[in-house]
Amino acid sequence: MGLGLVMIIVVAATLAPAEACPPSDRAALMAFKAALHEPHLGIFNSWTGTDCCKNWYGVSCDQGTRRVADINLRGESEDPIFERAHRTGYMTGYISPAICKLPRLSSITIADWKGITGVIPQCITALPFLRILDLIGNKIGGPIPVGIGRLRRLTVLNIADNLISGPIPASITNLSSLMHLDLRNNRISGGLPRDFHRLGMLSRALLSRNQISGTIPPSISSIYRLADLDLSLNRLEGPIPESLGKMAVLATLNLDGNMVSGNIPASLMNSAIGNLNLSRNKLEGRIPNVFGPRSYFTVLDLSYNKLTGPIPKSISSASYIGHMDLSHNQLCGPIPAGSPFDHLEASSFTYNACLCGKPLKAWVGGRGFN
């Protein structure tokens with residue numbers, strides 16, 4: 001072969017278009033599509049041709065391997081396809097196990113379609129490169145896959161607003177890279193895994209509106225990066241661990257609507273927590289009189305408990321308290337004067353044993369009246 005011919009071949013290869021996605025990836029996507037029905041927007045209309053890496057809506061490929069790396073299908077988006085239709089998305093069907101035949105998947109987002117049912121395919125736990133699994137806002141049922149802990153690269157697990165049931169798998173604590181866990185508004189039952197603290201990279205744990213029972217593991221406080229812990233509207237009981245108030249970056253603690261009992265740990269009132277909601281529980285005893293310059297609350301809600309005694313005078317020494325609700329308890333005595341009490345409404349103090357003073361003008365029969 002002459003040198004000129006070799007050069008022509010090399011140049012032709014250099015100028016050739018990038019290789020299309022493998023037929024196996026295309027076949028997997030077509031099988032995935034076949035299990036879904038989207039009647040209004042036509043988001044799958046672009047899924048034509050042999051190259052699934054080229055202009056297939058919601059599909060992205062690795063530029064080096066040409067393997068499918070991301071599926072990003074959101075039913076609520078600012079994408080022009082939604083603006084033209086003047087509506088949000090609605091899709092029915094189920095997530096086909098064919099999605100597991102895309103071995104290089106890094107992220108799966110199939111979110112806010114409202115009508116997708118079925119279960120989370122167990123085989124998803126065999127996708128070794130998966131970093132994001134976001135299925136929020138559907139009607140997916142069944143359990144969290146028991147082998148979820150095999151996804152060692154997973155950083156985001158969001159399955160909120162579905163019909164997921166059963167316990168939180170013990171293997172979830174193997175997700176050493178997990179930073180965002182959102183299980184809100186499902187039917188998850190059972191207790192929190194004992195070794196929940198092994199999720200050392202976790203910054204947000206949102207588990208509200210489930211049927212989670214048992215106690216709050218004190219070991220949660222060893223998750224150094226945890227900034228947002230929402231366990232509200234569950235069936236948790238027992239005491240609030242004192243150690244939660246000693247966490248370095250915990251800014252939001254929401255335990256509203258459980259059955260936690262005992263005294264309020266003093267550590268919670270003088271900590272990094274700025275949004276503290278302990279309402280609708282079975283807490284008793286006095287509000288700790290330990291407020292100080294480090295106490296900074298945008299929200300402090302202790303309503304609907306069995307708290308007794310006076311309102312601590314040290315609250316006046318807090319750096320800031322935006323909204324405070326002490327109603328529906330058994331508190332008694334004068335409401336302290338000055339900040340923050342001078343900007344709070346009477347509803348923050350009603351339905352106690354015998355509170356008096358501004359903003360209440362009188363108390364009768366255990367009720368504060370304006």
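Taken from CG in L133 to CD1 in I120, the straight-line distance is 6.0 Å, to the nearest 0.5 Å. Interatomic distance, CD1 of I321 versus OG of S316, reported as 8.5 Å (0.5 Å rounding). Of the inter-residue distances, the one linking L102 atom CG with C21 atom SG reads 9.5 Å to the nearest 0.5 angstrom. In this structure, the separation between CG on N275 and CG on D228 is 8.0 Å, given to the nearest 0.5 Å. Between the CG atom of N72 and the OH atom of Y57 there is a distance of 7.5 Å, given to the nearest 0.5 Å. Here the straight-line distance linking atom CZ of R286 with atom OG1 of T308 works out to 6.5 Å at 0.5 Å rounding.
Using a 4.5 Å cut-off between side-chain heavy atoms of Ile, Leu, Val, Met, Phe, Trp and Tyr, with links allowed through other members, I311 and L344 fall into the same hydrophobic cluster. In this structure, M324 is not a member of the same hydrophobic cluster as Y296, with clusters built from ILVMFWY side-chain heavy atoms closer than 4.5 Å. Clustering ILVMFWY residues whenever any of their side-chain heavy atoms sit less than 4.5 angstrom apart, transitively, puts L231 in a cluster other than the one holding M259. Neither L278 nor L206 shares a network with the other; the hydrophobic side chains, linked directly or stepwise wherever heavy atoms of I, L, V, M, F, W or Y lie under 4.5 Å apart, form separate groups for each. At a threshold of 4.5 Å between side-chain heavy atoms, the hydrophobic network of Ile, Leu, Val, Met, Phe, Trp and Tyr places Y320 and F297 in two separate groups.
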### Task
Could you walk me through whether V68 and L105 pass side-chain contact (heavy atoms from CB on, under 4.5 Å), step by step?
CA-CA 6 Å; V68 174; L105 272 179; 4.0 Å; yes
### Task
Start with the C-alpha gap between L233 and R209, add the side-chain angles, then the distance that decides, and say whether side-chain contact (heavy atoms from CB on, under 4.5 Å) holds.
CA-CA 5 Å; L233 300 171; R209 292 184 182 273; 3.5 Å; yes
### Derivation and outcome, side-chain contact (heavy atoms from CB on, under 4.5 Å), residues H37 and M91
CA-CA 6 Å; H37 177 59; M91 191 185 299; 5.7 Å; no
### Message
Go through it in stages, so that I can follow the logic: the residues are N234 and N258, the test is side-chain hydrogen bond (donor to acceptor under 3.5 Å, both in side chains), and I'd like the CA-CA distance, side-chain angles, deciding distance and then a yes or no.
### Response
CA-CA 5 Å; N234 279 290; N258 280 282; 4.9 Å; no
#### Entry: side-chain contact (heavy atoms from CB on, under 4.5 Å) assessment of I335 paired with K358
CA-CA 7 Å; I335 298 171; K358 291 184 178 180; over 6 Å; no
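A distance-only check finds a donor-acceptor pair linking the side chain of S203 to the backbone of M179 [under 3.5 Å]. D62 places a side-chain N or O within donor-acceptor distance of the main-chain N or O of G64, the cut-off being under 3.5 Å. For the pair N289 (side chain) and S314 (backbone), a donor-acceptor distance under 3.5 Å is present. Without hydrogens or angle criteria, N270 side chain to G292 main chain gives no donor-acceptor distance under 3.5 Å. A distance-only check finds a donor-acceptor pair linking the side chain of W113 to the backbone of L73 [under 3.5 Å]. The closest donor-acceptor contact from the side chain of R153 to the backbone of P128 lies under 3.5 Å. Under a 3.5 Å cut-off, the side chain of H343 and the backbone N or O of G322 do form a donor-acceptor pair. For T125 (side chain) and R150 (main-chain N/O), no donor-acceptor pair under 3.5 Å exists by modelled atom type. A donor-acceptor pair under 3.5 Å links the side-chain atoms of N162 to the main chain of A160, judged by distance alone. Remark: side-chain polar atoms of D256 are not paired, donor with acceptor, to backbone N or O of S232 under 3.5 angstrom.
When only modelled atom types and interatomic distance are considered, N329 and N352 share no side-chain donor-acceptor pair under 3.5 Å. For the 3.5 Å distance criterion, the side chains of R198 and N174 qualify, holding a donor opposite an acceptor. Using modelled atom types, one finds a donor on one side chain and an acceptor on the other under 3.5 Å when comparing Y304 with H328. A side-chain donor from one of S107 and D70 sits under 3.5 Å from a side-chain acceptor of the other. A donor atom on one side chain and an acceptor atom on the other are found under 3.5 Å apart for R131 and S106.
Under 4.0 Å is where a charged nitrogen must lie from a carboxylate oxygen, and between D51 and R66 at least one such pair does. One finds no salt bridge joining E38 and K33 here, because no Lys/Arg side-chain nitrogen approaches an Asp/Glu carboxylate oxygen to under 4.0 Å. Taking the charged nitrogens against the carboxylate oxygens, D25 and R67 do have a contact shorter than 4.0 Å, which makes a salt bridge.
When L157, I124, I159 are each tested for a side chain to side chain contact (heavy atoms under 4.5 Å, CB included) with L135, only one passes: I159.
Closest of all the heavy-atom pairs between R152 and S177 is O-OG, 3.2 Å. Of all heavy-atom pairs between L226 and R204, the closest is CD1-N, 4.1 Å. Closest non-hydrogen pair, S171 versus G147, comes out as OG-C, 3.9 Å. Minimum heavy-atom separation, F291 to S317: O-OG, 3.0 Å. Among all heavy-atom pairs drawn from I95 and P121, the shortest one is O-CG, 3.5 Å. Closest approach of N138 to D112, counting heavy atoms only: ND2-N, 4.1 Å.
No side-chain heavy atom of I99 sits under 4.5 Å from any side-chain heavy atom of L29. The closest side-chain heavy-atom distance from Y94 to V119 is not below 4.5 Å. Looking at I315 and P340, their side chains come closer than 4.5 Å, going by heavy atoms from C-beta outward. By the 4.5 Å heavy-atom criterion applied to side chains, I164 and I140 are counted as neighbours. At a threshold of 4.5 Å between non-hydrogen side-chain atoms, the residues L331 and I287 count as touching. Proximity of H323 to T298: side-chain heavy atoms (C-beta onward) are nowhere separated by under 4.5 Å. The shortest side-chain heavy-atom distance between L276 and D301 does not fall under the 4.5 Å cut-off. Between M201 and R225, some side-chain heavy-atom pair lies under the 4.5 Å cut-off.
Applying the side-chain contact (heavy atoms from CB on, under 4.5 Å) rule to D134 yields the partners R74, T109, A111, I132, I136, N158; only residues at least two apart in sequence or on another chain are considered.
Residue pairs meeting the disulfide (SG to SG under 2.5 Å) criterion with at least one member in residues 231-300: none, sequence neighbours excluded.
A distance below 2.5 Å between sulfur gamma atoms is met by C123 and C100. Cysteines C53 and C61: SG-SG separation is under 2.5 Å.
Heavy atoms from other residues, nucleotides or ligands lying under 6.0 Å from NZ of K101 number 12 at most.
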Could you give the side-chain donor-acceptor pairs of residues 236-252 under 3.5 Å, partners two or more places apart or in another chain?
unit_1, atom_1, unit_2, atom_2, d
E242, OE2, S267, N, 3.4
E242, OE2, S267, OG, 3.3
S243, OG, P218, O, 3.4
S243, OG, S221, OG, 3.0

